[in-house]
Participant: 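Please see the structure below; I have some questions.
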2 protein chains.
Amino acid sequence: MQRTGQPTINDVARVAGVSKKTVSRVINRSPLLGGETRARVEAVIAELGYVPNPQARALALRRNFLIGLVHDNPNAQTVMNVQQGMLEALHGTEFEMVVRPIDRGSATMLEDLKHFLERQRPYGVLLMPPVSENDLVARACAEIGCRYVRMGSAMLDAPERMVASNDRDAVRAATAYLIDQGHRRIGLIGGPHGFRSARERRGGFEEALAQGGISLPRSLIADGNYTFESGLVAAERLLDAVPRPTAIFSCNDEMAAGVIHAARQRGLDVPGDLSVVGFDDTPIAAHVWPPLTTVRWPIASMARSATLKLIADPEADGVEEPSLFLSTLIRRASVAAPSD
Amino acid sequence: MQRTGQPTINDVARVAGVSKKTVSRVINRSPLLGGETRARVEAVIAELGYVPNPQARALALRRNFLIGLVHDNPNAQTVMNVQQGMLEALHGTEFEMVVRPIDRGSATMLEDLKHFLERQRPYGVLLMPPVSENDLVARACAEIGCRYVRMGSAMLDAPERMVASNDRDAVRAATAYLIDQGHRRIGLIGGPHGFRSARERRGGFEEALAQGGISLPRSLIADGNYTFESGLVAAERLLDAVPRPTAIFSCNDEMAAGVIHAARQRGLDVPGDLSVVGFDDTPIAAHVWPPLTTVRWPIASMARSATLKLIADPEADGVEEPSLFLSTLIRRASVAAPSD
DNA sequence: TTGTACGCGTTATCAC
DNA sequence: GTGATAACGCGTACAA
């Protein structure tokens with residue numbers, strides 16, 4: 001009776017001489033089932049090459065098997081790392097990953113997201129920073145009734161809906177490391193306004209300076225938007241300061257690469273004339289010259305845990321996925337003691 | 001009668017006082033429909049906030065609205081660019097993008113892909129290089145009855161199932177440019193065996209050398225696998241050659257960045273002591289120091305066109321999407337005349 | 001342990 | 001133009 005060439009559950013039932021409910025039980029591994037019957041049905045399934053239709057399943061179960069990744073992150077490597085972590089968590093399950101970029105700048109961003117959630121009704125969505133830091137977005141998901149987990153730089157939500165890293169602590173430690181090396185004039189390249197990660201990282205930086213009794217003049221602060229180019233521009237401003245900073249902490253690696261670029265353009269040696277520290281530990285950090293000292297952000301692990309939270313059976317209370325991830329300092333060659 | 005809180009087509013029909021088929025006609029913009037009836041139904045749809053259920057649609061239409069991206073590309077930026085192009089093409093349509101990485105090395109790669117296609121039954125899949133260059137993969141799609149479009153470095157398939165770039169020509173031109181600058185000892189860092197792109201690019205390189213009457217000793221050829229690290233290792237071997245090459249063409253940017261890294265490690269100046277040319281024009285090309293002369297590969301545009309081919313109505317013969325895309329040389333600062 | 005009847009939300013057929 | 005009715009493929013009460 002199959003029109004599309006694909007065998008259906010009915011075909012299996014007919015050939016096996018059972019009802020389709022029995023076949024359904026085999027598929028869903030119902031415990032109460034005769035071993036002999038199960039074997040026969042499984043043999044027919046294999047023989048016919050039967051594959052359950054996910055659309056029909058989705059309709060009958062009133063839920064589908066799509067996990068959305070909602071993001072507006074400018075960093076390709078970061079997005080890929082998150083996808084990697086999600087796919088690890090989804091591997092072997094019946095879920096698929098659908099990727100949904102949204103435009104942070106757009107006035108209709110919330111509407112676009114709602115539109116997506118209403119039309120597609122994914123089983124759940126993973127919210128990546130920076131859009132994950134927007135409470136309105138989380139609320140929109142909740143209102144529509146879509147499960148979500150947020151990734152971020154601070155616990156912005158309940159543990160079962162949040163996976164966070166300790167950016168503030170990690171940056172405080174990284175900055176303390178610079179101070180230990182003897183640096184006193186340390187510049188900061190901050191992230192974009194409105195990014196919680198930018199706020200946390202800057203906070204950690206300022207705390208470390210305060211602990212070290214070091215002042216932070218306005219001339220040693222510049223903001224970027226996490227892109228290489230913005231790091232370049234910000235570094236140019238910082239390097240014009242008199243006296244020049246002997247070290248710069250950049251709130252992500254991309255911008256730190258821009259800092260190194262800017263230093264080289266004006267003939268400064270890194271780390272001889274300028275120490276640089278980044279954040280993220282994306283591949284670019286190891287690939288610039290000199291290799292960049294940076295904070296490793298375990299974004300793929302976070303995405304993996306977040307996804308497992310998302311698809312976890314709310315009933316079955318197995319092992320809880322962690323909600324807090326530690327970022328650690330990776331020491332490479334871009335930091336040295338100041339030369340003066 | 002709605003259990004999930006979502007209004008269904010039945011609710012709309014009841015409130016509007018029409019049959020659900022009429023509502024269906026409104027949704028699907030059937031031309032034969034009373035204007036007055038249509039207006040009333042549309043008002044009710046808006047009032048109730050009705051959104052058609054894509055799962056039910058998929059079941060009734062016997063097709064879903066998922067476009068798969070099948071890839072095994074090691075370059076994050078390239079994958080992101082492809083996703084970007086796909087999403088541009090999908091924007092405003094009812095299609096969603098599902099991303100499906102596969103493991104090229106795995107012996108079960110073909111089985112895994114078939115498994116995905118059979119279970120998910122996407123409307124179509126976009127095959128990214130290098131997996132797109134595998135004819136067995138294309139055949140697997142065809143056998144399962146899944147539409148596909150391949151991206152690649154040569155026309156490997158019929159135009160409606162292929163989007164290609166002219167890698168060979170572009171590399172020939174890039175190499176000719178090096179020769180024009182006066183280089184005679186030019187090293188090659190090839191791509192992985194089995195990559196069609198690697199073969200085409202190497203072919204273009206060899207053709208240019210042949211045209212210039214320049215020999216290519218074994219000591220000036222090394223193979224990489226498109227990663228930074230492999231470029232680093234390959235460059236170390238090439239730079240050990242005596243006499244040393246004055247220029248190196250690398251089959252992609254990542255490896256070219258590794259070349260620059262290796263040169264700097266042994267104190268060589270780029271481009272003073274060594275000229276370097278890459279391929280792809282990913283952001284890393286502009287961000288290394290010195291900025292990398294490279295071939296711009298219009299991968300996002302290719303992905304966009306490929307996706308439009310995929311979702312094009314086979315009946316309606318509108319404007320054909322192009323199948324061939326031109327890669328062009330981008331001149332930056334990593335090339336100079338040889339100093340000797 | 002297994003089968004029957006029906007519902008999920010939509011589209012297609014074929015009358016009116 | 002519009003409306004009953006039957007698919008689409010699978011899951012679930014409830015009965016046997």
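Order of the sequence lines fixes the chain letters, A, B, ..., with proteins taken first and strands second; residue numbering starts at 1 for each chain.
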Participant: Looking at Arg100(A) and Glu96(B), is there a salt bridge between them, counting it only when a charged N and a carboxylate O are closer than 4.0 Å?
Facilitator: yes
Participant: Scan side-chain atoms only and decide if Lys20(B) and Thr8(B) contain a donor-acceptor pair under the 3.5 Å cut-off.
Facilitator: no
Participant: For DNA chain C, find the residues of residues 49-57 of chain B with a heavy-atom distance under 4.0 Å and give them by number; none if there aren't any.
Facilitator: Tyr50(B), Val51(B), Pro52(B), Asn53(B), Ala56(B), Arg57(B)
Participant: Among the nucleotides dC8(C), dC14(C), dC8(D), which one has an atom lying closest to any side-chain atom of Arg62(B)?
Facilitator: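 Out of dC8(C), dC14(C), dC8(D), the nucleotide with an atom closest to Arg62(B)'s side chain is dC8(D).
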Participant: Expressed in angstrom and rounded to an integer, what is the separation of Asn28(A) atom CG from dT12(D) atom P?
Facilitator: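 For the pair Asn28(A) CG and dT12(D) P, the rounded distance is 7 Å.
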Participant: If you go through the side-chain atoms of Lys21(B), does one of them form a donor-acceptor pair with the base of dA4(D) closer than 3.5 Å?
Facilitator: no
Participant: Between the side-chain atoms of Lys20(A) and the base atoms of dG11(D), is any donor-acceptor pair under 3.5 Å?
Facilitator: yes
Participant: Over how many whole Å does the gap from Ile27(A) atom CD1 to dC10(D) atom C1' extend?
Facilitator: 8 Å
Participant: Please report, rounded to the nearest Å, how far the P atom of dC8(D) is from the CZ atom of Arg121(B).
Facilitator: 16 Å
Participant: Would a line drawn from the ring center of Tyr123(A) to the ring center of Phe65(A) be shorter than 6.0 Å?
Facilitator: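 Not under 6.0 Å, so no.
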Participant: Between Val18(B) and Leu59(A), which has a closest nucleotide on DNA chain D that is more 5'?
Facilitator: Val18(B)
Participant: If only side-chain N and O atoms of Thr8(B) are considered, is one of them under 4.0 Å from the OP1 or OP2 phosphate oxygen of dG9(C)?
Facilitator: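 False: Thr8(B) side-chain N/O out of range (4.0 Å or more) of dG9(C) OP1/OP2.
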Participant: For Asn28(A) and Arg57(A), test the side chains for any donor-to-acceptor distance below 3.5 angstrom and give the result as yes or no.
Facilitator: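 Present: a donor and an acceptor within the cut-off.
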Participant: Name all residues meeting the side chain to side chain contact (heavy atoms under 4.5 Å, CB included) criterion together with Arg104(B); count only those two or more places apart in sequence or in a different chain, and write none if there are none.
Facilitator: Asp72(B), Pro130(B), Phe195(B)
Participant: Check this for me: does the side-chain of Arg38(B) come within 3.5 Å of the base of dG1(D) through a donor and an acceptor?
Facilitator: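 A donor-acceptor contact between them is absent.
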Participant: Expressed in angstrom and rounded to an integer, what is the separation of Arg14(B) atom CZ from dT2(D) atom P?
Facilitator: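 My rounded result for the distance is 20 Å.
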Participant: Send over the distance from Leu48(B) CG to dG9(C) C1', rounded to a whole Å.
Facilitator: 15 Å
Participant: Name the closest nucleotide to the Ala60(A) side chain, picking from dA12(C), dG3(C), dG9(D).
Facilitator: dG9(D)
Participant: If you check every side-chain atom of Thr37(A), which of dT11(C), dT2(C), dC8(C) has the closest atom?
Facilitator: dT2(C)
Participant: Please determine, for the side chain of Ser24(B), which listed nucleotide (dG3(D), dT11(C), dT12(D)) has the closest atom?
Facilitator: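 The listed nucleotide nearest to Ser24(B)'s side chain is dT11(C).
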Participant: Just by distance, no angles: are the side chains of Asn73(B) and Tyr226(B) close enough, under 3.5 Å, to form a donor-acceptor pair?
Facilitator: no
Participant: How many Å lie between CD on Gln6(A) and C1' on dC10(D), as a whole number?
Facilitator: 15 Å
Participant: Whole-Å distance between dG9(C) P and Asp11(B) CG?
Facilitator: 8 Å
Participant: Want to settle it: does Leu61(B) or Gly17(B) sit nearer the 5' end of DNA chain D, counting the closest nucleotide to each?
Facilitator: Gly17(B)
Participant: Just how far, in rounded Å, is P of dT10(C) from CZ of Arg63(B)?
Facilitator: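 One finds 16 Å between P of dT10(C) and CZ of Arg63(B), rounded.
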Participant: If only side-chain N and O atoms of Thr22(B) are considered, is one of them under 4.0 Å from the OP1 or OP2 phosphate oxygen of dG3(D)?
Facilitator: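 Result: yes.
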Participant: Taking the minimum atom-to-atom distance to the side chain of Arg25(B), which one of dT10(C), dG11(D), dC14(C) wins?
Facilitator: dC14(C)
Participant: Could Lys309(A) and Glu321(A) be called an ion pair, given the rule that one side-chain N must be under 4.0 Å from one carboxylate O?
Facilitator: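 No salt bridge links Lys309(A) with Glu321(A).
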Participant: Any salt bridge linking Asp135(A) with Arg150(A)? Criterion: basic side-chain nitrogen under 4.0 Å from a carboxylate oxygen.
Facilitator: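 Yes, this pair counts.
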